[in-house]
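In what follows, residues are counted from 1 in the order of the sequence shown.
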Amino acid sequence: MICIRPWESNDADKLYRLVRQSVTELSVWLPWCRLEYARNDTDDWIRHSSKVWSHRSEFPMAIVNCDGNEVLGGVGVNKIDWETKTGNLGYWVGTPWTRRGIAREAAILWGRVSRSTGV
């Protein structure tokens, strides 16, 4: 079972380790995930996530196991058009967690969150 929630500063070490474990697979699809990905990139991402949430311009979230001990990936919506109520749903799952239905479950959870919060 997974949960999704906004990124928190205490996710940084877990997120960094997961990205480093997954860089070979993720870098093919995600331009931010590159061989040079460094720990400060993780801190920058978490700060950025908090900022865009407060501006309601993007809604990036962590995919975690429900006890919060593991970061499994990320999910969120960006490129939001409030007038047409559309946006882009994006997601990624770390290499150790692929092929378990986590991305699908995260997308379903995102839909529930967006309907219940108006995001």
Side-chain angles (χ1 to χ4, degrees):
M1 183 170 192
I2 67 162
C3 293
I4 62 172
R5 58 164 171 72
W7 290 101
E8 300 172 352
S9 59
N10 63 354
D11 293 325
D13 289 333
K14 295 171 191 170
L15 174 58
Y16 175 71
R17 282 192 301 272
L18 184 61
V19 170
R20 293 303 314 163
Q21 286 177 319
S22 309
V23 71
T24 301
E25 294 80 11
L26 294 178
S27 63
V28 174
W29 307 104
L30 303 171
W32 59 263
C33 188
R34 59 200 188 292
L35 291 176
E36 302 81 21
Y37 186 88
R39 178 62 170 74
N40 66 324
D41 294 318
T42 304
D43 295 328
D44 291 346
W45 169 251
I46 291 174
R47 278 191 298 275
H48 168 79
S49 296
S50 178
K51 182 180 175 181
V52 296
W53 262 91
S54 67
H55 291 135
R56 296 182 52 83
S57 58
E58 298 179 23
F59 298 96
M61 301 181 88
I63 304 171
V64 297
N65 60 351
C66 288
D67 65 8
N69 289 334
E70 293 284 342
V71 171
L72 312 177
V75 64
V77 172
N78 64 11
K79 299 186 181 181
I80 298 167
D81 182 333
W82 290 103
E83 189 173 311
T84 61
K85 298 182 181 178
T86 60
N88 291 338
L89 176 68
Y91 55 85
W92 66 273
V93 176
T95 300
W97 304 104
T98 60
R99 303 203 182 279
R100 299 181 192 199
I102 291 170
R104 180 181 182 279
E105 191 173 345
I108 290 167
L109 288 173
W110 175 257
R112 291 179 187 152
V113 167
S114 67
R115 281 189 299 280
S116 67
T117 62
V119 170

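- Using a 4.5 Å cut-off between side-chain heavy atoms of Ile, Leu, Val, Met, Phe, Trp and Tyr, with links allowed through other members, Val71 and Trp32 fall into the same hydrophobic cluster.
- The minimum heavy-atom distance linking Ser22 with Pro96 is given by the pair OG-CD, 3.9 Å.
- In this structure the side chain of Val19 reaches within 4.5 angstrom of the side chain of Trp92, judged on heavy atoms.
- Of the possible donor and acceptor atoms, none in the side chain of Asn88 sits under 3.5 Å from a partner among the backbone N and O of Lys79.
- Side-chain heavy atoms closer than 4.5 Å link hydrophobic residues (I, L, V, M, F, W, Y) into clusters, and following such links, even through other members, never connects Val52 to Ile80.
- Atoms CD1 and CG, from Ile46 and Asn10 in turn, are 8.0 Å apart once rounded to the nearest 0.5 Å.
- Distance CG/Asp81 to OG1/Thr86: 4.5 Å, rounded to 0.5 Å.
- Both Tyr91 and Trp29 are part of a single hydrophobic cluster, where members link through side-chain heavy atoms under 4.5 Å apart.
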Evaluate Glu58 against His48 for side chain to side chain contact (heavy atoms under 4.5 Å, CB included), listing each step before the verdict. CA-CA 10 Å; Glu58 298 179 23; His48 168 79; 3.6 Å; yes

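- Judged by distance alone, the side chain of Arg20 and the main-chain N or O of Leu18 form no donor-acceptor pair under 3.5 Å.
- The heavy-atom pair separating Asp11 from Pro6 by the smallest distance is OD2-O, 4.4 Å.
- Once rounded to the nearest 0.5 Å, the distance linking SG of Cys66 with CZ of Arg5 reads 10.0 Å.
- Counting heavy atoms from C-beta on, the side chains of Met61 and Leu109 never come closer than 4.5 Å.
- Atom CG of Leu89 and atom CG of Asn78 lie 9.0 Å apart (nearest 0.5 Å).
- With respect to the salt-bridge test (charged N to carboxylate O, under 4.0 angstrom), the residues Arg47 and Asp44 qualify.
- The minimum heavy-atom distance linking Ala12 with Asp43 is given by the pair CB-OD1, 3.7 Å.
- Atom CD1 in Ile2 sits 12.0 Å away from atom CZ in Arg100 (nearest 0.5 Å).
- Taking the six-membered ring where the residue is Trp, Tyr16 and Tyr37 present parallel rings, their angle staying beneath 30° rather than reaching 60°.
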Begin with the C-alpha distance, continue with both residues' side-chain angles, and end with the deciding distance and a verdict on side chain to side chain contact (heavy atoms under 4.5 Å, CB included) for Trp7 and Leu15. CA-CA 10 Å; Trp7 290 101; Leu15 174 58; 3.7 Å; yes

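- Linking ILVMFWY side-chain heavy atoms closer than 4.5 Å, directly or via other members, places Val77 and Ile102 in a single hydrophobic cluster.
- Within the 3.5 Å criterion, the main-chain N or O of Pro60 finds a donor-acceptor partner in the side chain of Trp53.
- The pair Arg17-Asp13 does not meet the salt-bridge criterion, since no charged nitrogen lies less than 4.0 angstrom from a carboxylate oxygen.
- No continuous path of ILVMFWY side-chain contacts below 4.5 Å connects Val93 to Val23, so the two sit in separate hydrophobic clusters.
- Listed for the Arg112 side chain is no donor-acceptor partner under 3.5 Å among the backbone atoms of Ala107.
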